[in-house]
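All values reported here derive from a predicted model rather than from experimental measurement.
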Amino acid sequence: MNFYWTKKMVIYDNFLIKLCVYLSFLITIHGQPLDLELMISIEDGFEAARSGIFRAIDNFNSSSGIVSFSHNTVTLSDDLNKTQLCGDLIKLRKPLLVIEARRKPLIHRNTLKLMARNIRIPMLSASLDDYMMQIDEEWISLDSKESQFLISFQPLSIALMRSILNVAPYFNIKNGVVFHEEFSDQPLKCLMKQNKNLNLTSVHIESRDIDNMARVLKIRKKEKYTQFIIIASSRTINLFIESFRRNDLFRKPYILVAISKDQGKIKCTLCKHGQLIIVKPSKSIYEYDNDIPDQAQTLPIDQSIEFYFFYDLTRLLLRSVERIVEKNQWKSLPITEACALRETNSNDNSHTPLLEYMNLESEEMFGRFGRFRFFPQINESHRPEFFYQEIAMRISQQNYRASGLTEKKLAEWENQLPVGSVLQTARLEDEDEEGGDGGDDEDGGIKVLLYLTPPFIMKRIVNGSSEPVYEGFLIDLFNEIKRILGDKMFQYELEETTAKSMGILEQFEEEVDIEAPGLTGLLKDIQENELNGFVLAPMTITESRELIVDFSEPIFDQIGISVLMKKPERQSHTWRFITVLEKGVWASITGAYFFTSILLAIFDRYSPYSYRNKPEKYVDEEDKRIFTFKETLWFCFISLTPQGGGDAPKCISGRLVAAIWWLLGFVFTASYTANLAAFLTVSRLENHVDNMATLSKQYKIRYAPVESSAADAYFTEMAYIEDKYYEIWKNLSLDDDLSEDQRANLAVWEYPISDRYTKIKAQMVEAQKPKSVEEGVRRVRASNSTEHSFAFLTDSLDVEYFTFLYCDLFKAGDDFGYHPIALPIAKETKVNIKKLIDPIIRQLKDNGFIENLRIKYWFTDKRRTKCPEYRILSNGLSLFNTYGMFTVLGIGLIFTLAVINFENWIITLWQRKEAKSQTIKHIAVVPKS
């Protein structure tokens, strides 16, 4: 009976709990907001976080009718007692949510995380310890349900510091010093482990004292450091810049990169020369759908970024909770005093899908300085993912001259996981942009030029249609961009350009006039026609071209210049053992052979001392040889072989003729063997041109790039620099103000400045540059010999394509002169094209779409035919080169078979004739009966 009533009571209690939940939901939807209490855990002195979180809560409560938040604040410090913290949690018996904001490590840094996990309280943490992987005991091995409400967020300071991983390589900084204001060196050390190529020493800025900074810099200068990075507030950076100037470091080879934590003004007031790289946060390109809080105007400038970070993050969190409550998916559990134990709720299967809803809300709500990124998954190490804000940093360059300060925008860094990325050209600020997405702008028609170059864009005419069909790598890429943009895709018109080359900004002795530059090719068409759009063309990014057009996100990051050549024709050595001597030599040897044979036969016939005329003199000798004409032919021929000719004639005159023939045969055989061996050796060891270095040192093979191409500009600029160096050396050597000792130091016997590229440029002019890539390839394939061949200098992508397509072409040597390749965009357009397509190109690079397109068009072309095996150098003579000798042997054997058959035929005829003669004689002798 007791068991029965106990069971009934449990069922009744469960019913009451469900009824309460249902009634609370009804009250909520009828206008009475659900009251949720927050625990705000903030580090002592972290005013930017405190102001941002509290302001977001107040603004939300004033606008939401579904949920109302009250909060209880816990100030984190080393004096915080665990028991006291647990007691604070127990007091909050309503549905609970915890927000933690912390910069420096504390003694009980992760106590609150452990308690939140044990009693299953949703918690959002943005602390430095999370990033430094100091969560092993608290949030390790979260299951799929725990990861929904225990969320670690990347702190803003870490996001800014991560820019070093990309900015340092961008400016070729590998060994240097990083000055910072952080509480610990540990975050930077963790960062450096992500890029083993960086060897940066971290130095903590103890105080904002200029003299102290100057002393530290002086020490680092003596240690031979030339590369410096500072990540701090704008105020600290300005003090550091002055210290940098006092140490006379604003000159080469020293470089300073200043990464600011705020948008404050950075400038060297007293600098008259030098260069400074500045990296500063930039506002999000997305529309900020919330009023700017009043506190943001009153906070110090160095706290504004962190204020917006916590303000926007808290707004996103509260809005997500509101959606969860609205869907009746908020789960709250009774809180007991077992803060440090998990046994209370270890078997509970309920969870709050906080991460799922934050992920959904982040698609519609953007922060002031970037979107928030959430990926609801657990990584392989069972650590929670570190979600982050996609903050962007503007990279610019300040140049100080006596005439004043000029600033140039270089690029932009964007925070991403696992690594950030540097965009080649910086985007415009929202307030400086004209036009939005472009989909609703009636005047937003964009012209898209098509630059024909295989395999990027190719044109074909379909049978029965007058309209051309365009296909190729860039056409497929453009179609994919259109698909992803969807309704945001701008109106456009396709037009084929007539330009044959990409074009360059021509170099002159004087500085280039930006207002009226000397343009060629495609760049000239863009400038003169005031293009409102962009070009589907694989244009190499160079500094001179950036003066004329903008560029999209690079499609290919590092593409070099390559040498395209025709494979040397495979020479046949089949009859080389005959052609090694000229016909006149063979005719002379043949004439001498017959003349000597006839002379030997005559001397043997008429000499009184020959064996034929006086055999009794040679009765005791074993060798008895009569030299008929047939015998002398055999004797002279065999004398040319190692076998020798056999017995010599007996007469003195005959022996003299044989000796002279043997001498001639010895010289002839030696000369023949030497010439044949020399030819085969030289033909195998011929010095083939296999790279640009060997190509530039010879004059038989002509070479040139496409006129007005990036390769053409590369060699032109290199020759221009050589000429400038020569002018500097010449003016220095001829300076009348030099003393005798200084002049003696400059007196050299050899030319001290290289003129390699000057000679290369002269050779290109003489070779006549092709007007297009197709013309260059045709000239290479038309090369008929090494004496009159042509080598084509072009992008490695073109070389890879044509060497795959044609069997008679090959790539000589390695690439050089690396540059990225991107789509050229007109500077003045009615639609911000760069803003629309750059994120998509990055996405397509990351997911492998562009690489798959490259495989499709570069390595699977149906016009490719099977190429025969080709080897430039052989390890030895092949059967192909020697079957001529076997052919002679075969002909000789066939001839001998014919001779023996002829001999047998003659003998048979003679025997028949003899037999017939004997028969006749026998008949004549026999008497008649």
Side-chain angles (χ1 to χ4, degrees), residues 131-132 154-180 182 187-202 227-232 237 255-263 266 275-285 305 369-371 373 386-398 408-427 541 543 546 551-559 818-822 834 838-839 841-847 850:
Y131 183 80
M132 294 189 296
Q154 185 187 77
L156 182 65
S157 58
I158 293 298
L160 300 181
M161 280 192 289
R162 291 185 72 250
S163 63
I164 298 176
L165 295 177
N166 302 104
V167 173
Y170 184 82
F171 293 102
N172 199 28
I173 297 176
K174 297 180 180 179
N175 297 285
V177 183
V178 179
F179 294 86
H180 63 91
E182 300 302 320
L188 278 172
K189 291 180 180 179
C190 292
L191 279 173
M192 294 306 106
K193 292 179 181 178
Q194 299 182 23
N195 191 338
K196 297 181 180 179
N197 295 324
L198 293 180
N199 183 22
L200 303 177
T201 303
S202 61
Q227 299 171 332
F228 300 90
I229 300 175
I230 178 173
I231 176 167
I237 289 176
I255 181 174
L256 174 60
V257 177
I259 302 177
S260 177
K261 293 184 176 181
D262 55 69
Q263 293 185 304
I266 297 176
Q275 189 180 88
L276 175 64
I277 306 299
I278 298 176
V279 184
K280 295 171 61 174
S282 59
K283 296 176 183 178
S284 172
I285 61 175
I305 306 295
F369 290 93
R371 297 183 61 175
R373 293 293 189 180
F386 293 100
F387 310 113
Y388 65 98
Q389 185 176 23
E390 203 173 52
I391 190 170
M393 306 281 283
R394 175 66 57 82
I395 305 174
S396 60
Q397 174 181 302
Q398 289 184 354
K408 175 185 177 182
K409 299 173 183 177
L410 299 179
E412 187 172 72
W413 176 82
E414 189 169 87
N415 183 34
Q416 296 174 346
L417 285 181
V419 293
S421 60
V422 175
L423 310 183
Q424 281 299 123
T425 53
R427 67 190 179 193
I541 300 177
E543 290 189 4
E546 287 181 314
F551 285 95
S552 69
E553 170 77 13
I555 301 173
F556 299 104
D557 292 320
Q558 292 295 325
I559 299 299
Y818 291 93
H819 283 87
I821 286 181
K834 182 175 175 58
D838 275 5
I841 293 177
R842 289 197 299 272
Q843 174 186 338
L844 296 179
K845 287 167 64 178
D846 293 339
N847 62 23
I850 289 180

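Between I173 and L200, the closest side-chain pair of non-hydrogen atoms falls below 4.5 Å. Using a 4.5 Å heavy-atom cutoff, the side chains of H819 and I541 are not in contact. For the pair L410/F171, a side-chain contact is recorded, criterion being any heavy-atom separation below 4.5 Å from C-beta on.
Proximity of a side-chain donor or acceptor of Q275 to a complementary backbone N or O of I255 within less than 3.5 Å is not detected.
The NZ atom of K280 sits 7.0 Å away from the CD atom of Q263 when rounded to the nearest 0.5 Å. How far CZ of F179 is from CD1 of I231: 13.5 Å, rounded to the nearest 0.5 Å. Considering CD of Q398 and CD1 of I278, their distance stands at 3.5 Å, rounded to 0.5 Å. To the nearest 0.5 Å, atoms CD1 (I158) and OG (S163) are separated by 11.0 Å. In this structure, CD1 on I821 lies 10.5 Å from CZ on F551, to the nearest 0.5 angstrom. Separating the CH2 atom in W413 from the CE atom in M393 is a distance of 6.5 Å, to the nearest 0.5 Å.
Taking the side-chain contact (heavy atoms from CB on, under 4.5 Å) definition, one finds that A232 meets it with E181, I230, T236, I237, sequence neighbours left out. In this structure S396 satisfies the side chain to side chain donor-acceptor pair (under 3.5 Å) test together with E407, sequence neighbours excluded. Scored by the side-chain contact (heavy atoms from CB on, under 4.5 Å) test, K845 finds E553, D557, I841, I850 as partners (sequence neighbours excluded). In terms of the side chain to side chain donor-acceptor pair (under 3.5 Å) criterion, Q843 has no residue partners (sequence neighbours excluded). Residues meeting the side chain to side chain donor-acceptor pair (under 3.5 Å) test with Q558, sequence neighbours left out: none. Residues satisfying the side-chain contact (heavy atoms from CB on, under 4.5 Å) criterion with D262, sequence neighbours excluded, are S233, S234, S260, I301, D302, I305. In this structure N197 satisfies the side-chain contact (heavy atoms from CB on, under 4.5 Å) test together with N195, sequence neighbours excluded. Contacts of T201 classified as side chain to side chain donor-acceptor pair (under 3.5 Å), with partners at least two apart in sequence or in another chain: Y225.
Between A822 and P554, the shortest heavy-atom contact is CB-CA, 3.8 Å. Among all heavy-atom pairs drawn from P281 and I391, the shortest one is CB-CD1, 4.4 Å. Looking at every heavy atom in both residues, K834 comes nearest to P839 through O-CD, 4.2 Å.
Of the residues listed (Q389, R162, E390), the one engaging N415 in a side-chain hydrogen bond (donor to acceptor under 3.5 Å, both in side chains) is R162, and it is the only one.
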For this session: Go through the steps to decide whether R842 and E414 satisfy the test side-chain contact (heavy atoms from CB on, under 4.5 Å), and finish with yes or no.
Result: CA-CA 11 Å; R842 289 197 299 272; E414 189 169 87; 3.3 Å; yes
